Amino acid sequence: MPPRTSRAIVQTAPRHLELRELPLPDIDDDSGLLRIEACGICGSDAEQYAGVLPVRLPVVPGHEPLGIVERVGDRAAKRWRVEVGDRVAVEAPIPCGRCPACRSGRYQVCRARGFLFGHGYVPLAHSPGLWGGYADYMYLDPCSIVHRVRKDIPAALAVMFNPLGAGFRWAVEIPRTGPGDTVLVLGPGQRGLASVIAARAAGADTIIVTGLSRDAPKLALAREFGADHVIDIEAEDARTRVRELTGGRGADVVVEVTANAPEPVAEALHYAATGGRIVLAGVKGLKAVPEFVSDLVVMKELAILGAFAVTSRGYESAIRLIESGRVPLERMHTHDFRLEDAELAIRTLAGEVPGETSVHSCLRP
Ligand SMILES: [Zn+2]
Ligand SMILES: [Zn+2]
């Protein structure tokens, strides 16, 4: 007898999660059902948990799902080029495919079905409810976007398609990083490390990563993944170090992926070379940036580029890299959590659990 219900974590209020049994959806010709193998956890999960993101509750969180196609409609199978038993990575956005944003290729900012319409964000009240990856099973909408991933890769590594996809989009695609470029990554979290891996894969010349003193293990990991230099901004004068390391020119590409603190955005203007590209991808809780000297943007002709989420090209690059086995990604994976420990998982990632440092972690139902 196939199961009729799925365990799922439901967020009912800020900082409140509960484990429930939810009915499995009916699958028609255009939809599918995913059996979750792993769901990645990132900084925005912690913001969602804290109630900072504008997400309607109650909701099943989890926007980085990886799993096995359990059921799939005939038309959906053709459209997604998958069959039952295939492993797929699922993108968070569920775009309409028809609005001006979708038609111009910016489907990640599609608002046709509301802001943040995607896996992990659609509320329980919106049928069939099982929209998030913090569950045994997840509904695949006709407009969900899936990518096949080889099944012999350990799930904890395969689920890194999400942070690595961000690295490819934010550190390579958006700033058009290529051979000869000096790339400076601000922040050595999972996105920062993914940016190092992606910039290295794209043939960047010199890669530099900044962090705080307490980030020493993550900075060491950055070196393992191909960073040439790391800077502890509490122990060294970062502006001077960047100048020294770039022969006085500054960095061609600066990728800002620190969490919450707005100050690195202002610093990025000082680190960038004339004509440099600065990618802003770390969110700051809508705080203003103090000491932002706009004259530097003018005088150095800097390009400041916003990066919101990841798109299919970044995910495809990430999946190819994961499947290549060329990078010791397991060095970045620090924690597996059971579904019922979702709260602990989020608090660990947010640094609220003494003695635990999380780089990449996931839920394994
Ligand atoms: Zn995420
Ligand atoms: Zn759209």
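Remember, it's 1-based here, ligands and their atoms both numbered in the order they're listed. Only a predicted model underlies this, so the values are computations on that prediction, with no experimental measurement involved.
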Say whether, by atom type as modelled, one donor and one acceptor occur between the side chain of R79 and the main chain of D30 under 3.5 angstrom.
yes

Assess whether side-chain contact (heavy atoms from CB on, under 4.5 Å) is satisfied between H360 and L193, documenting all intermediate values.
CA-CA 10 Å; H360 177 266; L193 294 172; over 6 Å; no

Angle at the Zn ion (ligand 2) between SG of C102 and SG of C110, to 10°?
110°

What's the SG-the Zn ion (ligand 2)-SG angle here (C96, C99), rounded to 10 degrees?
110°

Looking at E64, which of its N, O or S atoms is the nearest one to the Zn ion (ligand 1)?
OE2

Quick check: are there more than 12 heavy atoms from other residues, nucleotides or ligands sitting under 6.0 Å from CZ of R106?
no

Is it true that R347 and D341 make a salt bridge, defined as a side-chain N closer than 4.0 Å to a carboxylate O?
no

